[in-house]
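First listed ligand is number 1; within each ligand, the first listed atom is number 1. Starting from 1, each residue takes its place in the sequence as its number. Small disclaimer: the values here were computed from a predicted structure and weren't measured.
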Amino acid sequence: MICFNEQMQSFFLHSRSSTYVMKVIENGQLLHLYWGDRIPECDLSYIHLFYNRSFSPVLYDASELCYSLDTLSAEYPAFGYGDYHTPAFTIQAPNGSRICDLRYTGHMITPGKPDIQGLPHLRADENEADTLALFLRDDLLDLEVTLFYTVFKDLDVISRYAVIKNRSSQELSLLQAASCCLEFDHSDFQLIDLHGSHCRERQAERTPLHHGIHSIESRRGASSHQLSPFAAFARPDTGEQHGEVYGISLIYSGNFRISAEVDQFDRLRVQAGINPFNFRWTLGSGDSFTTPEAIMVRSTAGLNGMSQNFHALYRQHLSPSRYTKAPRPIVINSWEASYFDFDEEKLKALIASCEGLGIDTFVLDDGWFGHRDNDTSSLGDWAVNTKKLPHGLSGIIETCKRHHMEFGLWFEPEMVSPDSDLYRRHPDWCIHAPGRIPSQSRNQLVLDLSRQEVQDFMAEAVSSILREYDIRYVKWDMNRNITDLGSEGLPADRQAELSHRYILGLYAVLERLTTAFPHVLFEGCSGGGGRFDFGMLYYMPQTWTSDNSDAVDRLKIQYGTSYLFPPAAMAAHVSACPNHQTGRMTPFETRGNVALGFCFGYELNPLHLSPEETEAIKRQTARYKEFEPLMLEGRFYRLCSPFQGNECCWQQVSSDGSLSIVLYARVLATCNPPVPRIQLAGLLPNALYRIDELDLILPGEVLMNVGFSIPWLWGDFSTMLFTLRKYEGLPEKQTQKE
Ligand code: DGJ
């Protein structure tokens, strides 16, 4: 997968169908030459033609007269010698100089993939991946930069990160360090990003690239609802099923930046990594800094091809959790059923009403601890409120057992309420700027996870509850972003390390908890999908996709999220109507159809349902169980985008192609509409499939090329879920049922 051609001084990284080429030139600089369709090994330096260009400074030791970093593609560019684009990293020497000149000193190719200490990362053994470590060095600074590249055998993925080590005896300051830098010698791409807000996460947006810098970033201390750590660069004619696209993401949950810079020669530089805004890291003598890992995907099979590479990484190479590939519980969550307004009797009645519905886990959401009757108090005081629950959690857990259900619990461990014993004991434990009154958001402050004692407290607070009770599921929430950056645990010259140290502290706690309690399924949540990223998914294989449970809005949210994450990472629940976020009335069937195929559950009180709805729950949970393998191991295809019109369609196919489900949704009804026809994807071309709902049997290649027509739908917010099963009988003459 990775080879170094001595004669050409070139590295060739071959993934399933792509090749990535770098070359060490005479003066030791490392250039990027190519990332595209698979090619044989060949010296690609002929592509550089050296013109004398005004205002493009020539490097002091270049063999070519017109050799300028202003016009060449550096692999990990530094600032100072004529490259005027955004540098990949910037380091400051004690004398104030920010110039750096990295030259190649050697490399190492090893099978498999090393772990990255302290950061979530992809994992692969020697049969699955090879890793290249490329050593670069600045002699004057006595600085070593190692670039790591892992190539995954069966995927079109290269993952990258950098380790920056100060070998000098002096202190250096790292001002910026990207995880990856990518150069393209053209910018004939459109940019796809996932923007949004609370309750409107991951809306897909496709825009042309312009000269200058376009930046996708978060400064909120979390990967954010507003922009996900993701960018795709698609050729203008690339669609869901065809065309070339490059997708970038990060295994990181904090402030990030992905930038796309189009220069004077229409070339594109893409970089991804920790956001340099408000970042500075002191590297003492001998210290090193490791960037988060970046994921780079290339696909010529369109946006679905790109997504399936990301999805396969999630399934095979990310989370060590035993739940990643294991069946997930069908939960009923208490939040929208009762909010803060519950006591033991109410919860027991709720649990009892689930008997026989096929729901297997009851999750007690916010409000069970301290004196938390609303969102103004008690975060940090993780002791059961015995006024509400006189038998502690045991009374509830016993009731769950009696009704054949497991028990799950909500925590928001990273936060503290000003009205809490914890805050009264340790006011200095929250993030705050000295002498300033910290800003509150949802009446709460953020604990300073850069401090070891705070990490210890937090890990112990959660552990003691998990030790005491039989808890199988934890919903880990985080309901505000960080402001008032300041830590009493850090000296003045290290305050700009706080945002990253917070994330490192969080990862350290999650590592402790997930190692100590491997039987617990952790679900990530940040007011829904405010921290839905590969970093959190390493510890918690699923995320509450959005606080918005409205089935119509969920079409866009789940469709957009699928660019990056598979259905097995997305929790989707059926909730009550009128919907609590939008006030919309949607059919119960639509709510089920939109959530089926994802980590399924309910966000309502069965006691308030009609007998028909209760019966519908039984059908939905049975269908979910049948289709669960498609979610865990199958492939997901986006077929028709809700961002482009009134319809939405997606499809899931089992790993062996024998079973598939197709969701079709029409948002608003129109009178006398055209008949929609859907062409499917991912089926076995020569196999026959029976579509249960249409009583239709057709070959896979016909369903993928001709498609099938959607029967008449009545009313707004209508959906149909189609089931396709591989059919072993003889083909029959077909007529489509209406
Ligand atoms: C925000 C979450 O996203 C909700 O599901 C719920 O858990 C509330 N927090 C509880 O405060």
Mind checking whether [X] has an N or O less than 3.5 Å away from an N or O of ligand 1?
X      : result
Asp366 : yes
Trp410 : yes
Gly528 : yes
Arg372 : no

Residue and atom name of the nearest protein heavy atom (relative to [atom]), distance in Å to one decimal:
atom                   : value
atom 5 (O) of ligand 1 : Lys475 NZ, 2.7 Å
atom 7 (O) of ligand 1 : Asp365 OD1, 2.7 Å
atom 1 (C) of ligand 1 : Asp477 OD2, 3.0 Å

State, with a plain yes or no, whether a side-chain heavy atom of Arg467 is found less than 4.5 Å away from one of Phe517.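 The answer is yes; the side chains approach within 4.5 Å.
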Which of the atoms in ligand 1, numbered in the order shown and given with their element, are less than 4.0 Å from a heavy-atom of [X]?
X      : answer
Asp547 : 1 (C), 2 (C), 3 (O), 4 (C), 5 (O)
Trp544 : 3 (O), 5 (O)
Cys525 : 2 (C), 3 (O)
Gly527 : 1 (C), 3 (O)

Euclidean distance, Gln581 CD relative to His198 NE2, rounded to 0.5 Å: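 CD of Gln581 is found 8.0 Å from NE2 of His198.
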Between CD1 of Ile471 and CD1 of Ile397, what distance do you get to the nearest 0.5 Å?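 Taking CD1 in Ile471 and CD1 in Ile397, the distance rounds to 5.5 Å.
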Please classify the [X] to ligand 1 contact at 4.0 Å (heavy-atom distances, strictly less than): side chain, backbone, both or neither.
X      : result
Asn479 : side chain
Glu412 : neither
Glu336 : neither

Does ligand 1 have an atom that lies less than 4.0 angstrom from a heavy atom of Arg442? yes
Do Glu414 and Tyr502 get their side chains close enough for a donor-acceptor pair, meaning under 3.5 Å? yes
Would you say the side-chain atoms of His404 and Glu355 include a donor-acceptor pair closer than 3.5 Å? yes
Can you tell me if Arg328 uses its side chain to pair, donor with acceptor, with the backbone of Ala568 under 3.5 Å? yes
Take a 6.0 Å sphere around CD of Gln308 and say whether it holds more than 12 heavy atoms from other residues, nucleotides or ligands. yes
A cation-pi test, strictly: NZ or CZ of Lys388 under 6.0 Å from the centre of the six-membered ring of Phe342 and no more than 45 degrees from its axis. Yes or no? yes
Within the 6.0 Å centroid threshold, strictly below: Phe522 and Tyr473: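 Here the rings of Tyr473 and Phe522 have centres that are no less than 6.0 Å from each other.
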Give a yes or no on whether a salt bridge exists between Asp553 and Arg584, defined as a side-chain N under 4.0 angstrom from a carboxylate O.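 Yes.
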